[in-house]
Enquirer: 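First the structure, which I've put down as structure tokens, then a few questions once you've had a look.
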Amino acid sequence: MNLFKYMKRNYKVLLLGLLLATASCSFTTKKFNPDPDSDKDKVLIELISFVLERGHYSPKALDDSFSEKVYDSYVKSLDPLKRYFLASDIEEFSTYKTKIDDEIREGNVDFFNLTFDRLQQRTAEIKGIYKDILSQPYDFSKEDEIVTDYEKVPYAKNKKELKERWRKQLKFSTISTYYEKQEDQKLLSEKTDTLTLKSDAQLEVEARKTILNSIVEYFNYTDDLERKDWFSLYLNSIVMEFDPHTSYFAPQDKDRFDIEMSGSLEGIGARLQKKDDNVTVIEIISGGPAWKNEELEVGDQIRAVKQEKEDKPVNIIGMRLDDAVDLIKGPKGTVVTLTVKKVDGTIEDIELTRDVVVLQDTYAKSSMINKNGSVYGIIDLPRFYFDMQDYDKRNAASDVKKEIGRLKEQGMDGLVIDLRGNGGGSLATVVDIAGMFIKDGPVVQVRSGEGEVEVLKDRNDEILWDGPLVILVNELSASASEILAAAMQDYKRAIIIGSEQTYGKGTVQNVVDLNRWMRNSDLGDMGALKLTTQKFYRINGGSTQLRGVHSDVVVPDRYSYIDIGEREMESPLPWDKIEPANYTVWKGYIDYDNTIEQSKERMAKNKLLALIDENAKWIKKQQDIETYPLQYKEYVVQVERNKKEASKFDTISEYQTDLTYTSLPYEKEMFAQDSTLSEKRERWHESLSKDVYMEEAIHVLQDLGNDSIAKTKVVKVEKTKMMDEK
């Protein structure tokens, strides 16, 4: 049931820690000129292997060892929970284990064809199995258990064993739903005496029906996946053996990637989901055309799409979601008419003029923090975004600059930049942002595969903010986030507070349009390749690859004991170091090192952080559980025990700081027109008010400011005294 989720993991990894430079390749003279009847898959294999061999930072030999790694990764991605393929299938597939390298060189896709056809066959068989299993009541009194460590579970020997595996998994899902329904009924019975309680048998039927509907929706979704989607998965199994961040983008994936990086798209401003055969609106994006029009609502079903220059609408019922979305979105200023079945059942035609839709959650946001009469600022930066077609359009650096200016207007005494969960983005924006806090100088060093090192510098001697600065990070702060944190740490310009180390992605990727090598091709869009071409290094010479950035003040969080980061990925590039750049440490703080020690002392005494650390260990313990009971009484015992253990950590979410957060004046003006934005900011402020890490960040800002002022006064007094003595 987690097949699609596993497939999408690779796509999420593409976005995590992306560091883009301008795409440039010195091997563009070769052109591919395939015959019109050529197999697109074979041409793609040849094209991608050519680009990898000549453009990757550290090319790998296509040999039997490489082939075996691709084989293992690909087969695992097809069936990670081992609930489709039989042992006999794997035995048949294994004849290709050392032949994939040969197939790549020959432009052959026999192995992919075999696995794809077999997966379709097994999927069709499973559809009959799960319906049969869920048609029969479960006996929750029978001793039974399921093992969820799928790495250790062997493939099923036959269809009978495979059916038993599905029975256990579906029972596991059903018993969980059954328990929830029992709990819901208990709560209702406590509120009213007139409630007629449902029998255990009735609740069991309801639980099975819930799981059946969920599985049906899952297979409806996977049925929309076409051969090309599975072939993209195969291609990524090949290219990601070079390193975890080299990835193939099918044409639609490239579009999604551009949207993620720019934070905007051209369309109607609605998020859509396919349920059964219907495309349903699940969110109206604030500020977009649909939001302004006020006719389209959450829950509406889009039945047909008509373009302004077409006579007839296109029926999208049953169409795969990606294709439907392609019809609905379009260039700014164009008109699209949607035939919609409203929530109340009526049918309407809604005409919308497409526009640029800004995804506000992608962009930097700021707030003021009031503490003992002082005003501090926080800038939350979700990623280092930019427009891939035009850097001068809205980007992370220009937005951060604006927010700093606005905060300074409010009399800001110190600044926190929150990079927690920031997976990276544009290299240029990092250099620009770092330059706002230093006079000038190097920010990051970049080395090519040939060993050439380029030092990227801030060349603007203007300092936008010269006051106290703290940067918050965690294990998910990656790539560009690590560059900014590392530079500020090396300059001793900011104090870094967060996890023991950040993600550890120290590589640079270029997104290369594969169509640039095609000549007179009728094969359609070939997609793009995100290619690792360089590694980056701190100005002190050390790489952030694998090791990340170690916080000045280490604080525990829920990820502290979970395996996460570049070091847990397959085929990561190694850590190394180069000569340091020439830079001068920031002289703006009087007692930088002492401030760090004071913070460490506070953190060591903080009882909440001790509880968070204990909670992190408990989460790791839960994650390591491999066997679960499928007998209801035992299941309840385990759940209740977990609830009791988890209740010890309730006070974490109940924690309240004494910090007050206030939106900036320009945003308050926007709230009058945008209640959704107002609600989002209220939720953000509520979350921050319980944030012990933000609380410590403000303490550090106070110490940096107070120490500097105090030391300055002491120096002045001593000078005066000496003059008097003279």
Side-chain angles (χ1 to χ4, degrees), residues 3 6-14 16-17 41-42 44-82 84-85 87 89-116 118-119 149-155 230-249 449 504-507 509 529-533 535 545-546 563-575:
L3 172 63
Y6 187 89
M7 288 179 61
K8 295 305 285 183
R9 181 185 67 84
N10 283 353
Y11 181 70
K12 290 178 181 177
V13 169
L14 307 184
L16 180 64
D41 293 345
K42 294 182 179 181
L44 258 177
I45 288 278
E46 183 183 359
L47 177 56
I48 287 173
S49 59
F50 167 79
V51 175
L52 284 170
E53 182 181 350
R54 289 161 178 78
H56 194 273
Y57 177 84
S58 181
K60 288 193 174 184
L62 300 185
D63 52 20
D64 288 354
S65 175
F66 178 85
S67 179
E68 289 178 7
K69 291 176 181 177
V70 172
Y71 172 88
D72 290 338
S73 174
Y74 173 59
V75 172
K76 180 180 178 181
S77 67
L78 285 178
D79 188 12
L81 308 185
K82 298 179 180 176
Y84 290 88
F85 293 136
D89 296 326
I90 301 302
E91 185 177 356
E92 186 177 356
F93 297 162
S94 65
T95 60
Y96 287 89
K97 196 162 191 175
T98 58
K99 296 179 181 178
I100 296 175
D101 57 317
D102 302 314
E103 289 206 334
I104 293 172
R105 278 190 289 270
E106 296 164 4
N108 202 334
V109 291
D110 289 348
F111 174 57
F112 169 75
N113 288 334
L114 172 62
T115 55
F116 173 74
R118 189 62 48 83
L119 181 63
D149 186 349
Y150 303 105
E151 293 281 350
K152 297 178 182 178
V153 174
Y155 286 94
W230 295 101
F231 190 64
S232 292
L233 185 68
Y234 176 58
L235 290 176
N236 271 306
S237 296
I238 293 172
V239 303
M240 291 182 76
E241 280 306 317
F242 281 72
D243 79 286
H245 305 287
T246 292
S247 315
Y248 170 69
F249 287 129
K505 179 186 178 292
T507 55
Q509 282 72 44
L529 191 67
K530 181 162 69 72
L531 187 70
T532 296
T533 56
K535 286 178 73 174
Q545 177 65 11
L546 297 184
D563 295 335
I564 195 170
E566 184 87 358
R567 60 197 180 280
E568 304 300 330
M569 304 286 283
E570 295 180 6
S571 308
L573 295 182
W575 178 89

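Numbers here are sequence positions counted from 1. Remember, predicted model here, so these are calculated numbers, not experimental data.
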Enquirer: Please confirm whether the backbone N or O of Phe66 pairs with a side-chain atom of Glu241, one donor and one acceptor, at under 3.5 Å?
Expert: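 Side chain of Glu241 to backbone of Phe66, a donor-acceptor pair under 3.5 Å: no, none is there.
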
Enquirer: What are the two closest heavy atoms between Asp101 and Thr98, and how far apart are they?
Expert: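 Nearest pair, atom of Asp101 first, then Thr98: OD1-O, 2.9 Å.
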
Enquirer: Please report the shortest heavy-atom distance between Val239 and Ser247, naming the atom on each side.
Expert: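 So the two residues come closest at CG2-CA, 3.7 Å.
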
Enquirer: Restricting to non-hydrogen atoms, name the atom on Leu573 and the atom on Gln545 that form the minimum distance, rounded to 0.1 Å.
Expert: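 Of all heavy-atom pairs spanning Leu573 and Gln545, the closest is O-NE2, 2.8 Å.
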
Enquirer: Could Arg118 and Glu92 be called an ion pair, given the rule that one side-chain N must be under 4.0 Å from one carboxylate O?
Expert: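 Here Arg118 pairs with Glu92 in a salt bridge, since their nearest N and O are under 4.0 Å apart.
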
Enquirer: How about Phe85 and Phe93: are their ring centres within less than 6.0 Å of each other?
Expert: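 Judged by ring-centre distance (under 6.0 Å), Phe85 and Phe93 do meet the cut-off.
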
Enquirer: With no hydrogens and no angle check, is any side-chain donor or acceptor of Lys530 less than 3.5 Å from a backbone partner on Gln509?
Expert: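 The answer is no, because no donor-acceptor pair under 3.5 Å joins these two groups.
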
Enquirer: Among Leu233, Ile238, Leu44, which one satisfies side chain to side chain contact (heavy atoms under 4.5 Å, CB included) with Tyr248?
Expert: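 For Tyr248, the side chain to side chain contact (heavy atoms under 4.5 Å, CB included) test succeeds with only one of Leu233, Ile238, Leu44, which is Leu44.
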
Enquirer: Determine whether Thr115 and Tyr96 make a side-chain contact, defined as any pair of heavy atoms from C-beta on separated by less than 4.5 Å.
Expert: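 No, every pair of side-chain atoms sits at 4.5 Å or beyond.
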
Enquirer: Does Glu566 reach the side chain of Pro572, with side-chain heavy atoms less than 4.5 Å apart?
Expert: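 They are in contact (side-chain heavy atoms under 4.5 Å apart), so the answer is yes.
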
Enquirer: CG of Asp41 to CG of Asn108: how many Å apart, nearest 0.5 Å?
Expert: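 Result: 11.0 Å between the selected atoms.
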
Enquirer: Output yes when Arg105 and Glu46 qualify as a salt bridge under the 4.0 Å nitrogen-oxygen rule, no when they do not.
Expert: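 Salt bridge: no.
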
Enquirer: Taking atom OG of Ser571 and atom NZ of Lys60, what is their separation to the nearest 0.5 Å?
Expert: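 Result: 4.0 Å between the selected atoms.
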
Enquirer: Does a side-chain heavy-atom distance below 4.5 Å link Ile100 with Tyr234?
Expert: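 In short, these two side chains touch, coming nearer than 4.5 Å.
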
Enquirer: Let me confirm one number: the OG-CG distance from Ser77 to Asp72, rounded to the nearest 0.5 Å.
Expert: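 The distance works out to 11.0 Å.
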
Enquirer: Can you tell me how far CZ of Arg567 sits from CH2 of Trp575, rounded to the nearest 0.5 angstrom?
Expert: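 One gets 15.0 Å once the value is rounded to the nearest 0.5 Å.
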
Enquirer: With no hydrogens and no angle check, is any side-chain donor or acceptor of Ser67 less than 3.5 Å from a backbone partner on Lys97?
Expert: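 Yes; at least one donor-acceptor contact below 3.5 Å.
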
Enquirer: Report the C-alpha separation of Leu235 and Ile45 in whole Å, then their side-chain angles, then the decisive distance to 0.1 Å, and conclude whether the side chain to side chain contact (heavy atoms under 4.5 Å, CB included) test is met.
Expert: CA-CA 8 Å; Leu235 290 176; Ile45 288 278; 3.6 Å; yes

Enquirer: Nearest 0.5 Å please: distance from the CG atom of Leu531 over to the NE2 atom of His245.
Expert: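 Here the interatomic distance stands at 13.0 Å.
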
Enquirer: Closer than 3.5 angstrom, by distance alone: can the side chain of Lys505 be matched with the main-chain N or O of Thr507 as a donor-acceptor pair?
Expert: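 Answer holds: yes.
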
Enquirer: Examine Phe111 together with Tyr71 and report whether their ring centres are nearer than 6.0 Å.
Expert: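 Yes, the ring of Phe111 comes within the 6.0 Å limit of the ring of Tyr71, centre to centre.
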
Enquirer: Using side chain to side chain contact (heavy atoms under 4.5 Å, CB included), reason through Tyr155 and Val75 one step at a time and then give a plain yes or no.
Expert: CA-CA 12 Å; Tyr155 286 94; Val75 172; 3.6 Å; yes

Enquirer: Would you call Asp79 and Lys82 a salt bridge, using N to O less than 4.0 angstrom?
Expert: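 Result for this pair is no, no salt bridge flagged.
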
Enquirer: Could you tell me if the side chain of Val153 sits less than 4.5 Å from the side chain of Leu81, heavy atoms only?
Expert: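 No; the side chains remain at least 4.5 Å from each other.
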
Enquirer: Please walk me through it: do Glu106 and Lys42 pass salt bridge (charged side-chain N to carboxylate O under 4.0 Å, His left out)?
Expert: CA-CA 8 Å; Glu106 296 164 4; Lys42 294 182 179 181; over 6 Å; no

Enquirer: Nearest 0.5 Å, what's the OG-CD distance between Ser49 and Glu103?
Expert: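 It is 12.5 Å, given to the nearest 0.5 Å.
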
Enquirer: Do Asp243 and Thr246 meet the criterion of a side-chain donor-acceptor pair at a distance under 3.5 Å?
Expert: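 There is such a pair between these side chains.
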
Enquirer: Report yes if some heavy atom in the side chain of Trp230 is under 4.5 Å from a heavy atom in the side chain of Leu119; otherwise report no.
Expert: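 Answer yes - side chains close enough.
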
Enquirer: Assign the ring pair Phe112 / Phe231 to parallel, tilted or perpendicular, where the plane angle (0 to 90°) is split at 30° and 60°.
Expert: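 Ring orientation of Phe112 relative to Phe231: perpendicular.
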
Enquirer: Please confirm whether the backbone N or O of Lys69 pairs with a side-chain atom of Ser73, one donor and one acceptor, at under 3.5 Å?
Expert: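 It does not hold such a pair.
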
Enquirer: Determine yes or no for a side-chain-to-main-chain donor-acceptor pair under 3.5 angstrom, with Lys99 supplying the side chain and Asp64 the backbone.
Expert: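 Absent.
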
Enquirer: Would you say the side chain of Leu52 lies within less than 4.5 Å of the side chain of Leu529, judging by non-hydrogen atoms?
Expert: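 Yes, close enough: below the 4.5 Å cut-off.
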
